[in-house]
Number of protein chains: 2
Amino acid sequence: MLEPVDKHSGIPAYLQIMNMIKKEIALGNMNFGDQLPPVRELKRVFGVNVNTIMKSLEKLQMEGIVEAQHGVGYFVKNSKIINPKVVDILEKSVEELKKMNMDLNTTILILEEVWKKVE
Amino acid sequence: MLEPVDKHSGIPAYLQIMNMIKKEIALGNMNFGDQLPPVRELKRVFGVNVNTIMKSLEKLQMEGIVEAQHGVGYFVKNSKIINPKVVDILEKSVEELKKMNMDLNTTILILEEVWKKVE
DNA sequence: AAATGTGTTATACTTTTATAGTACACTACT
DNA sequence: AGTAGTGTACTATAAAAGTATAACACATTT
């Protein structure tokens, strides 16, 4: 689930953290009302400084995805779980793409391009 | 094709530039042996400084995707064009995903997760 | 030889990202 | 009241990313 940040990816740590938390919520591993691990725990899990955690959480709060309660903790505010069918669709596509020796990065690049054009 | 960098995305400019060039090559819009636009032109197109362009091109060169020729230009060295079927697969998936009101960012998050698990 | 177009390098500066450490404030519980 | 667990705020420091500007070096054309 929550893994240490990749410090060599070039992507800012706070963005990676935001994305991992968003992913957990989208996949239903964290649900509305759930309490997030304490900032000191998150700091340990992600392997970054408290300030970096704070920046991620503050941004997530601005996006309305989590909510802070002083002295208590952070809570999931967003209830938008994705349709399980989404995972099915992607699994089938990924199976085919892997057979064609596609790598993840290139796939994402093409996906972004296709996304602009479709519809 | 080549668009100005998004300075508010949080993704470093040199990474965005690398990705756009990789995409052009993967889609077959740039082919083996083709000359890239001059650095001063790229600077104009992407809306960044020459040094940022140089950083992107040097990294692409290290990855074996382009090659520099001093005083002449940069050339595409990589010939790996993707199978057009890849675009077909993704187009169909994107159509369905858009019907379910999925957004691009969430889709990419789930895709990364699915990529790890499949096969 | 000169001019032009190309890549290359250097310097100084600003902003963003991240680390580290410390202290403070609020809540829940006994 | 006290204490443990939580978030919050502040300062200082450093590293990375990007900008602005200028000069330099190589290749091609005239």
Side-chain angles (χ1 to χ4, degrees), chain A residues 2-22 24-25 30 33-78, chain B residues 2-22 24-25 30 33-78:
Chain A
L2 300 184
E3 297 166 353
V5 157
D6 178 1
K7 304 194 177 185
H8 304 293
S9 71
I11 313 289
Y14 79 94
L15 271 183
Q16 293 185 46
I17 293 169
M18 287 177 69
N19 282 336
M20 283 195 253
I21 294 177
K22 281 181 181 176
E24 290 304 303
I25 295 175
M30 285 177 170
D34 284 357
Q35 181 169 3
L36 271 66
V39 287
R40 289 169 183 80
E41 168 78 6
L42 292 175
K43 159 193 162 168
R44 202 181 55 71
V45 172
F46 289 120
V48 298
N49 190 266
V50 195
N51 299 315
T52 307
I53 298 292
M54 286 305 292
K55 180 162 185 176
S56 310
L57 293 178
E58 279 166 9
K59 289 223 173 200
L60 285 174
Q61 187 165 215
M62 279 191 277
E63 291 183 14
I65 294 176
V66 302
E67 199 164 40
Q69 230 173 296
H70 198 166
V72 184
Y74 274 89
F75 296 87
V76 177
K77 198 184 173 187
N78 186 14
Chain B
L2 300 184
E3 297 166 352
V5 156
D6 178 1
K7 304 196 175 183
H8 303 292
S9 70
I11 312 290
Y14 78 94
L15 272 182
Q16 294 185 46
I17 293 169
M18 289 176 68
N19 282 336
M20 282 195 252
I21 293 177
K22 282 181 180 175
E24 289 304 303
I25 295 175
M30 285 177 171
D34 283 358
Q35 181 169 3
L36 270 66
V39 288
R40 289 171 184 79
E41 167 79 6
L42 292 174
K43 160 193 163 171
R44 202 182 53 73
V45 171
F46 289 121
V48 299
N49 190 266
V50 196
N51 301 312
T52 307
I53 298 291
M54 287 305 292
K55 180 165 185 176
S56 309
L57 292 178
E58 279 166 10
K59 291 223 171 201
L60 286 173
Q61 187 165 215
M62 280 191 277
E63 291 183 15
I65 294 175
V66 302
E67 200 165 38
Q69 230 174 295
H70 197 163
V72 184
Y74 275 89
F75 296 87
V76 177
K77 197 183 173 185
N78 186 13

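In what follows, chains carry the letters A, B, and so on, assigned in the order in which the sequence lines appear, proteins first and then strands, with residues in each chain numbered from 1. Note that the coordinates shown come from a computational prediction; the quantities given were computed from them, not determined experimentally.
Checking the phosphate oxygens (OP1, OP2) of C:dT17, no side-chain nitrogen or oxygen of A:Lys7 falls inside 4.0 Å. Between D:dA17 and B:Tyr14, a contact under 4.0 Å exists linking OP1 or OP2 to a side-chain N or O.
Rounded to a whole Å, the NE2 atom of A:His8 is 15 Å from the P atom of D:dA15. Rounded to a whole Å, the CD atom of A:Gln61 is 12 Å from the P atom of D:dG7. Rounded to whole Å, atom P of D:dA25 lies 20 Å from atom CD of B:Gln69. The distance between atom NE2 of A:His70 and atom C1' of D:dG5, rounded to the nearest whole Å, is 12 Å. A:Ile11 has its CD1 atom 16 Å from the P atom of D:dA16, to the nearest Å. Per the geometry, CE belonging to A:Met18 stands 12 Å off P belonging to C:dT17, to the nearest Å. Residue A:Glu58 contributes atom CD, which lies 11 Å from atom P of D:dC10 at whole-angstrom precision. In this structure, CG of A:Leu15 is placed 14 Å from P of D:dA17, rounded to the nearest angstrom.
Each of B:Ser56, B:Pro4, B:Ser9 was scored for a side chain to side chain contact (heavy atoms under 4.5 Å, CB included) with B:Gln16, with one residue passing: B:Ser9. Each of B:Leu57, B:Leu42, B:Val48, B:Val45 was checked for a side chain to side chain contact (heavy atoms under 4.5 Å, CB included) with B:Ile17, and the lone residue meeting it is B:Val48.
Note on B:Glu58 versus B:Lys55: no salt bridge recorded, every NZ/NE/NH1/NH2 to OD/OE distance being 4.0 Å or above.
For the segment residues 43-56 of chain A, residues with any heavy atom less than 4.0 angstrom from an atom of DNA chain D are, sorted by number, A:Asn51, A:Met54.
Between B:Lys22 and B:Leu60 there is a side-chain heavy-atom pair separated by less than 4.5 Å. Contact annotation: the side chain of B:Asp34 never approaches that of B:Ile25 to less than 4.5 Å [non-hydrogen atoms, C-beta and beyond]. You'll find the side chain of A:Tyr14 stays beyond 4.5 Å of the side chain of A:Val5, heavy atoms only.
Judged by atom type and distance alone, B:Arg40 reaches the base of C:dG7 through a side-chain donor-acceptor pair under 3.5 Å.
Of the two residues near DNA chain C, B:Ala68 and A:Lys59, the one whose nearest nucleotide lies more 5' is B:Ala68.
Residue A:Glu41 holds its CD atom at 10.0 Å from CD1 of A:Ile53, rounded to the nearest 0.5 Å.
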